[in-house]
Structures are given as structure tokens and as C-alpha cells.
Amino acid sequence: MTVECNPEDAEVDRLRAYRDAGVTRMSFGIQSTRPHVLDSLGRRNVPDAVTRVADVVGQVGFASWNLDLIFGAADETDEDWACALDTVVGLDGAPPHISAYALTVEPGTPLGADASRHPDDDVQARRYEMTEERLSGAGYRWEEISNWARPGHRCAHNHLYWSGAATSASAQPPTPPQGPPVVERSDPRPLHRPRGGRPRHAGGRGAPRRGRPALRVPQPCVAHRRWGPRRAPPRDRGLVGLVETKGARSVLTLRGRLLANEVSTRLVTHPGPAPAR
């Protein structure tokens, strides 16, 4: 069980209470170690937050924990991002799991309304490659598009979620509660089932529901059921260098991860082999 906290909430008594209640893993949204980048993201700057979090986690004795980082803020440079990564992996008792997310623009938000703060795709791609290089060099391995872990510390929720298994999460609103915590669920059953009984798929007609999410993790997955267990997917020049394929199973390359949505859509919506006559 994982509990996510803001860095300013990292207190020994609080984390001990979580541990005693059965929590086995903690996660903290640091986002950046650079004050001007946090300002650009609209996040609170807590002095020495990352060092303090690592110290408190170590005192309480959580064996597995995570730090969240975000790259692509308008005021962030490559040097800022390198500094954030190096600071985190250089901690005494560094987190065994790190999430590094590209800044995403959502409509209806202050960021969405300010085009001058929107991230640049090429900059984000470069920083993702920096992330892979630095974290792999520090003993972390890619375990999901935006997550890296040291051996024995991968996030079980990520793999359950992207494989289509049922999961649940709860979140306490930041304002005084007006009722019970919000609960979000991931259910492997199709959300929409039209008349006639066959589910519709967001990836296109006949696309397997689990194909697209499963490509987010490094374990090879069957990208399209129509190919069958002994058939390789059709050759597609547009996927050269983006996907490594073994039989009917595929896994994204580093370059493919930068185009994961497009690659996975192309794989799962391919019409597959023609039916035998």
C-alpha cells in the first residue's frame, strides 16, 4: 500500500502512523529541486525538501519509496533538470523508485491559458533522454514510460494498472472534507458495451483493449491478438527503430517511448493478416 504526501508533510510521527496502519511504501511530489522552476510550476518551495524527506523516510524505516519529478517547465533549463536528477540520486538513502513526468498542458487550467508557459516537445524529448541516461547510470531501470526503479522496487500498481487488472486508489481533497475520500477504480471490464455484446475499443475497431497500455512497460506484450501467438506483426517501415519485436510480442525502444501513443495506436489498429479462404 502506498501513501502519497506533499514534501512539507514529511514528519516522523505522521509517517510512523502510516507505517503502523499497514502502509508499506511512501511517495512524495518534489517536482523539482530548483526554486525558480517550482515557481514556474506554481508549486510551493520548501527549502531542503528533498534532503528532509529522505532523512524522515530513513528514520521511520520505509524500505521502498518514491519521488515525483516534473520536467518541461518554461523557466527550466537542461542544467536545472540535470541538477534535479543528480541531487535525487546522490542523496544518502536515495529513493529506490523515481517518477519523472513530462509537464502536460490541460485545458481550463492557468497553464493551459498561458501559451508562453507551454512546454516544447523537442525540449521534453531531450530531457527524457537525459533522464534515461542518468537514472540507468545510477542503477535504475525503466519500468513504465515515466517510472524508473532499482531491483526489487518496481511499483506494483503501475503493472497492475497497465495490464488491465483491477486497482483502486483514494485521495483526500485539499480543502476541508465534505464527505468520504474520492475513490478511483480501474476495472478490466470494458466501460462501454453496445447492443450485440461486443465492446468498443478506443484504439479503433477491433483493437485489443489491453494492447496500448501494456506497451508502456518493458515486458514484451502481444500488440495485436489477430497476429496469433506464433505470428510476427506485419512489417511497418514507420515503426523501424521504435519497436523491438520477438514473434508476436513487442516492446518500445527508447526512441519509441518518446512517441508511445502514436506507436501503440499504430500497432493495435493494424488490420492484421487477411482471413484464410
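Sequence positions, counted from 1, serve as the residue numbers for this chain. Hydrogens, waters and symmetry mates are skipped; everything else that's a heavy atom, side chains included, is used.
- Taking the side chain as every heavy atom from C-beta outward, Val56 and Glu11 never approach each other to under 4.5 Å.
- For the pair Asp75/Val37, no side-chain contact is recorded, criterion being any heavy-atom separation below 4.5 Å from C-beta on.
- When side chains are defined from C-beta on, Leu252 does not count as touching Leu242, because their heavy atoms never get closer than 4.5 Å.
- Under the 4.5 Å side-chain criterion, counting only non-hydrogen atoms from C-beta, Tyr18 is in contact with Cys5.
- Closest approach of Gly139 and Pro151 over heavy atoms only: O-CD, 3.9 Å.
- Note that CD of Gln59 is 10.0 Å distant from CG of Leu15, once rounded to the nearest 0.5 Å.
- To the nearest 0.5 Å, the span separating CG on Leu85 from CE on Met130 amounts to 6.5 Å.
- Side-chain atoms of Arg134 never come within 3.5 Å of backbone atoms of Asp86 as a donor-acceptor pair (strictly under, hydrogens ignored).
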Side chain to side chain contact (heavy atoms under 4.5 Å, CB included) for Arg25 and Phe62? Distances and angles first, verdict last. CA-CA 6 Å; Arg25 182 176 180 272; Phe62 279 101; 5.7 Å; no
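- Side chain of Asp120 to backbone of Asp122: a donor-acceptor contact under 3.5 angstrom is found.
- Under the 3.5 Å distance criterion, the side-chain polar atoms of His118 are matched with a main-chain donor or acceptor of Gly112.
- Proximity of Tyr128 to Val123: side-chain heavy atoms (C-beta onward) are nowhere separated by under 4.5 Å.
- A distance of 7.5 Å separates CD in Gln31 from CG in Leu69, rounded to the nearest 0.5 Å.
- Enclosure of atom CD in Glu129 by more than 12 non-hydrogen atoms of other residues, nucleotides or ligands within 6.0 angstrom is indicated.
- Annotation: the span from Ile30 atom CD1 to Leu38 atom CG amounts to 8.5 Å, rounded to 0.5 Å.
- Here the side chains of Trp81 and Thr131 are in contact, with some heavy-atom distance below 4.5 Å.
- Formation of a donor-acceptor pair under 3.5 Å by the Ser99 side chain with backbone atoms of Asn147 is not found in this model.
- With rounding to the nearest 0.5 Å, the separation of CZ in Arg117 from CG in Leu111 is 5.0 Å.
- Between Gln124 and Pro119, the closest heavy-atom pair is NE2-CB, 3.4 Å.
- With Arg52 contributing its side chain and Ala10 its backbone, the two residues share a donor-acceptor pair below 3.5 Å.
- Glu76 is not listed as a side-chain neighbour of Ser40, based on a closest heavy-atom distance of 4.5 Å or more.
- For the residue pair His153 and Glu143, no side-chain donor N or O sits within less than 3.5 Å of a side-chain acceptor on the partner.
- Between Ala54 and Gly93, the closest heavy-atom pair is CB-O, 4.3 Å.
- For Arg19 (side chain) and Val60 (main-chain N/O), a donor-acceptor pair under 3.5 Å exists by modelled atom type.
- Side chains of Ser27 and Trp65 form no contact here, defined as non-hydrogen atoms less than 4.5 Å apart.
- A donor atom on one side chain and an acceptor atom on the other are not found under 3.5 Å apart for Trp148 and Ser136.
- With rounding to the nearest 0.5 Å, the separation of CD in Glu132 from OH in Tyr140 is 13.5 Å.
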